[in-house]
Amino acid sequence: KHPFRFRGAEVRAITVCRLRVGEIELILRDLDNRTFSLFDIYARMCGLPAAVLRGLIDEDGDAVTAAAFDFLPRALRPGGD
């Protein structure tokens, strides 16, 4: 609902793509002892940096994170095993 500019281009929509388990494993390996956040995975799903996703207007951020959450493996969801 709220377009923004990123790297000189207007972003009017964010596409969320499902990742393969191996892609998620690589993200977790690349963290190098940094604190893990689901935004690290959401960023890869969306092709935007985690900082950009964190900076979205609340209703846009809610829509993106809800869609991305649905694509997470159960093991990464709260209460998952």
Side-chain angles (χ1 to χ4, degrees):
K1 290 186 174 186
H2 302 90
F4 62 93
R5 296 193 76 70
F6 177 68
R7 294 187 179 157
E10 184 178 50
V11 178
R12 299 190 66 74
I14 296 174
T15 301
V16 179
C17 299
R18 184 182 303 268
L19 299 178
R20 292 183 175 89
V21 173
E23 292 173 294
I24 293 171
E25 179 183 19
L26 291 175
I27 294 167
L28 297 175
R29 282 186 188 170
D30 289 345
L31 290 175
D32 272 345
N33 297 321
R34 287 188 303 128
T35 302
F36 168 73
S37 166
L38 288 178
F39 277 94
D40 296 309
I41 295 175
Y42 296 163
R44 187 74 57 95
M45 289 175 162
C46 298
L48 293 167
V52 170
L53 297 179
R54 286 186 184 101
L56 294 173
I57 299 291
D58 61 348
E59 60 188 332
D60 291 345
D62 289 347
V64 170
T65 57
F69 185 85
D70 287 344
F71 289 154
L72 288 175
R74 267 184 267 178
L76 292 177
R77 295 179 187 201
D81 22 34

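Panel note: side chain R77, backbone L72; a donor-acceptor pair is recorded below 3.5 Å. Side-chain atoms of R20 do not come within 3.5 Å of backbone N or O of E23 as any donor-acceptor pair. Side chain of D40 to backbone of S37: a donor-acceptor contact under 3.5 angstrom is found.
You'll find the side chain of I41 stays beyond 4.5 Å of the side chain of F71, heavy atoms only. No side-chain heavy atom of L56 sits less than 4.5 Å from a side-chain heavy atom of D62. Looking at I24 and P73, their side chains come closer than 4.5 Å, going by heavy atoms from C-beta outward. In this structure, the side chains of Y42 and V64 stay at 4.5 Å or more apart for every pair of heavy atoms. The shortest distance between side-chain heavy atoms of V11 and V52 does not fall below 4.5 Å. Taking the side chain as every heavy atom from C-beta outward, E59 and K1 approach each other to under 4.5 Å.
Separating the CG atom in D60 from the CD1 atom in I14 is a distance of 7.0 Å, to the nearest 0.5 Å. The OG1 atom of T65 sits 10.0 Å away from the CG atom of D70 when rounded to the nearest 0.5 Å. Rounding to the nearest 0.5 Å gives a distance of 6.5 Å between CG of D30 and CZ of R44. With rounding to the nearest 0.5 angstrom, the CG atom of L38 is 9.0 Å from the CE atom of M45.
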### Message
Using the rule given for side chain to side chain contact (heavy atoms under 4.5 Å, CB included), can you reason through I57 versus F4, listing the C-alpha separation, both sets of side-chain angles and the distance that settles it, and then say yes or no?
### Response
CA-CA 10 Å; I57 299 291; F4 62 93; over 6 Å; no
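Summarising the geometry of A50 relative to A43, their closest heavy-atom pair is N-CB, 3.5 Å, with the distance given to 0.1 Å. Closest approach of C46 and V16 over heavy atoms only: SG-CG2, 3.8 Å.
L19 and L26 fall into different hydrophobic clusters, where Ile, Leu, Val, Met, Phe, Trp and Tyr are joined by side-chain heavy atoms under 4.5 Å apart, directly or via other members.
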